[in-house]
Every structure is written in C-alpha cells, then in structure tokens.
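All values reported here derive from a predicted model rather than from experimental measurement. Both ligands and their constituent atoms are indexed starting at 1 by order of listing.
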Amino acid sequence: MTSLRTRERLLQRLMDQGVTNFRVLDVIRNTPRHLFLDEALSHRAYEDSSLPIGYGQTLSQPYIVARMTEILLAAAGGSLRRVLEVGTGSGYQTTVLAQLVEQVYSVERIKPLQDRARERLRQLGLHNVQLKHADGGFGWPEQGPFDGILSTAAPQFVPEELKQQLAPGGVLVIPVGGQTQQLHLVIREPDTDKFVTQVLEPVKFVPLLSGITR
Ligand code: SAH
C-alpha cells in the first residue's frame, strides 16, 4: 500500500513544475494510479515517470497527464461536456478526465489494453465513459462533435478528422511529431469557425499508429 506521503510528494512535484489547476491536482491526488499498472510495477506508481503497460505502450508521466488536462480545461473555458480521448491505454488519463467532464469517449487500437482498461473503469464505478476499439486517428464521428479532444499518442501532423469533430469553441490537445514532438493546442474559434493552433512545449509520446490489433 502506498503511503499518503508518497502521493503528497507527487502532488508537490506537479505544483513545483507549474501545474496550478486545483481541480486537476485534486483528481490526481484521489486517483489510484497503482491500479493501472501490473503488480510488479505498482510500487512505482506515484513516481513522476511514464511506465510500461505492455504491447510497447506506456502510461504517461503524471506531470503530462496533469498538464494536458489543465490545458484542455483552461482552453475550453469550463464548458467541457463531451470529451474524446485518443489512446485509452491503461485508462488512467480516461479516469482523470471522467472526474472532470460530463462524458468521456475513448478510443484504443490494441484490444487487450482496452479490455483491461474497461475492467478498471468498471471496478472504479465510472459510468460516464464509453470505450471503442478503433483507430482513433479518425476520431469517433458517430459521437462527435466534441467540446474537447485529447490525444495521448503522437501523429506526424494533426489529423484533419479530429479537427472536424470539434464543436465550435472546441479544443484539441495533441502531441505532434516523431523523434522530437511538441504539444499542440488547436482551438476551433466559435465566431469565425477558423482553427487556431498554438505550439506549447516539447513532449515525448508513443506514436499514433494506424489500424487496429486484436
Ligand atoms: N492515455 C493512456 C496513455 C497510453 S499510451 C494512459 O493513460 O495509460 C498511448 C496509447 O495510444 C497506447 O495505448 C496506444 O496503443 C494508443 N494508440 C496509438 N495509436 C492509436 C490510434 N491510432 N488509435 C487509438 N489508439 C492508439
């Protein structure tokens, strides 16, 4: 069992790195990250590092989960009802989002990862999440448009399909690039319907791959 002190140390670290949104910090404090890892790794759950979840994929570093979530909330100006996540992975980021917005849709291309994530979400009693086994580069058109889209895998370029699934005023937070990546924020301006892009900070994510695996 992880001590409260270990979790508080993580929170302090996130604040030291500039995470300021108290709702986000509170949710991270209350989300049991160890449940999203294999038992052999769970003792490292409250370190601020990314950790393997199998199939060559990783659970993102808590700092970047917190940062992307606070960017999404701030850019959307508090009106986040429907949010799409690309790359369910362990379901940790999904769980964080589900505590902050009305309804989360999350797409994963690797079936066994999705199955495990589904089981964890069920155990945690989260009922405002829908999962889909699909190539999230195409978004989830049947459920769009979305007030927010957050991708936890990096494409070379921002997929047009994701932009098109933003509601007016909607925001997309996505890592972009290959060897070097930058976090991008794309906003669909409500008045002009133009897309405005800001390049925020260097990041390191697994690539957004096409197709699905069983
Ligand atoms: N949000 C996850 C991070 C997992 S890493 C978590 O908190 O654990 C990124 C995930 O994106 C991986 O599980 C990977 O399989 C998935 N992914 C990569 N390309 C994808 C695509 N085109 N569609 C859906 N998921 C994708």
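- Near Thr88, meaning under 4.0 Å from one of its heavy atoms, ligand 1 places the atoms 1 (N), 2 (C), 6 (C), 8 (O).
- By the 6.0 Å contact criterion, CG on Asp38 is open, its count of non-hydrogen atoms from other residues, nucleotides or ligands being 12 or less.
- Counting only distance, with no hydrogens or angles, the side chain of Gln99 and the backbone of Leu97 share no donor-acceptor pair below 3.5 Å.
- Considering backbone and side-chain atoms together, Ser60 places no N or O closer than 3.5 Å to any N or O of ligand 1.
- Cation-pi geometry between Arg33 and Tyr46 is not satisfied (NZ or CZ under 6.0 Å from the ring centre, within 45° of the ring normal).
- Proximity of Leu14 to Ile28: side-chain heavy atoms (C-beta onward) are separated by under 4.5 Å at one or more points.
- Counting only heavy atoms of the protein, atom 20 (C) of ligand 1 lies nearest to Arg109 CD, 3.3 Å.
- Geometrically, ligand 1 and Gly87 share a nitrogen or oxygen pair separated by less than 3.5 Å.
- The Pro207 neighbourhood of ligand 1 comprises atoms 18 (C), 19 (N), with distances under 4.0 Å to a heavy atom of that residue.
- By the 4.5 Å heavy-atom criterion applied to side chains, Leu37 and Ser90 are not counted as neighbours.
- Atom numbering of ligand 1 starts at 1 in the shown order; those under 4.0 Å from a heavy atom of Ala134 are 23 (N), 24 (C).
- The shell of residues lying under 4.0 angstrom from ligand 1, judged by heavy atoms, excludes Ser151.
- Near Ile110, meaning under 4.0 Å from one of its heavy atoms, ligand 1 places the atoms 15 (O).
- Between the Gln103 side chain and the Asn128 main chain, a donor and an acceptor come within less than 3.5 Å of each other.
- Remark: of the listed residues Thr69, Thr152, Thr88, Thr69 is the sole one forming a side-chain hydrogen bond (donor to acceptor under 3.5 Å, both in side chains) with Gln93.
- Backbone and side-chain nitrogen or oxygen atoms of Ala153 are examined, and none is located within less than 3.5 angstrom of a nitrogen or oxygen of ligand 1.
- With respect to atom 7 (O) of ligand 1, the closest heavy atom belonging to the protein is Gln93 N, 3.2 Å.
- Hydrophobic clustering places Val27 together with Leu11 (ILVMFWY residues linked when any side-chain heavy atoms are closer than 4.5 Å, directly or through intermediates).
- The nearest heavy-atom contact from the protein to atom 23 (N) of ligand 1 is Gly136 N, 2.7 Å.
- With ligand atoms numbered from 1 in the order given, ligand 1 contributes 1 (N) to contacts under 4.0 Å with heavy atoms of Glu85.
- Side-chain contact between Thr95 and Leu126 is present, with heavy atoms from C-beta onward closer than 4.5 Å.
- For the ligand labelled ligand 1, residue Ser106 lies outside the 4.0 Å heavy-atom shell.
- With hydrogens left out, the protein atom closest to atom 6 (C) of ligand 1 is Ser90 OG, 3.5 Å, a heavy atom.
- Between Val86 and Phe138 the shortest side-chain heavy-atom distance does not fall below 4.5 Å.
- Nearest to atom 22 (N) of ligand 1 among the protein's heavy atoms is Leu209 O, 2.6 Å.
- Within a 6.0 Å sphere centred on CD of Glu39, heavy atoms belonging to other residues, nucleotides or ligands number 12 at most.
- When hydrogens are left out, the protein atom nearest atom 9 (C) of ligand 1 is Thr152 O, 3.3 Å; that is the closest non-hydrogen contact.
- Neither the backbone nor the side chain of Val65 comes within 4.0 Å of ligand 1, counting heavy atoms alone.
- Of all the atoms in ligand 1, the ones that sit under 4.0 Å from a non-hydrogen atom of Tyr92 are 7 (O).
- The protein non-hydrogen atom at the shortest distance from atom 14 (C) of ligand 1 is Gln57 OE1, 3.3 Å.
- Ligand 1 is never approached by Thr94 to a heavy-atom distance shorter than 4.0 Å.
- The shortest side-chain heavy-atom distance between Asp48 and Gln17 falls under the 4.5 Å cut-off.
- Residue Asp135 touches ligand 1 through backbone and side chain together, judged by heavy-atom distances below 4.0 Å.
- With Thr58, Val206, Ile212, Thr95 as candidates, the residue nearest to atom 3 (C) of ligand 1 on a non-hydrogen basis is Thr58.
- Inter-residue side-chain proximity for Val107 and Glu85 is flagged as unmet; no heavy-atom pair is nearer than 4.5 Å.
- Neither the backbone nor the side chain of Ser210 comes within 4.0 Å of ligand 1, counting heavy atoms alone.
- A donor-acceptor pair under 3.5 Å is absent between the side-chain atoms of Asp135 and the main chain of Ile212, judged by distance alone.
- Listed by atom number, the atoms of ligand 1 under 4.0 Å from Leu59 heavy atoms are 8 (O).
- The protein heavy atom nearest to atom 16 (C) of ligand 1 is Glu108 OE1, 3.4 Å.
- Between Arg109 and Thr213 the shortest side-chain heavy-atom distance falls below 4.5 Å.
- Heavy-atom proximity to Leu208, at under 4.0 Å, picks out these atoms of ligand 1: 19 (N), 20 (C), 21 (C), 22 (N).
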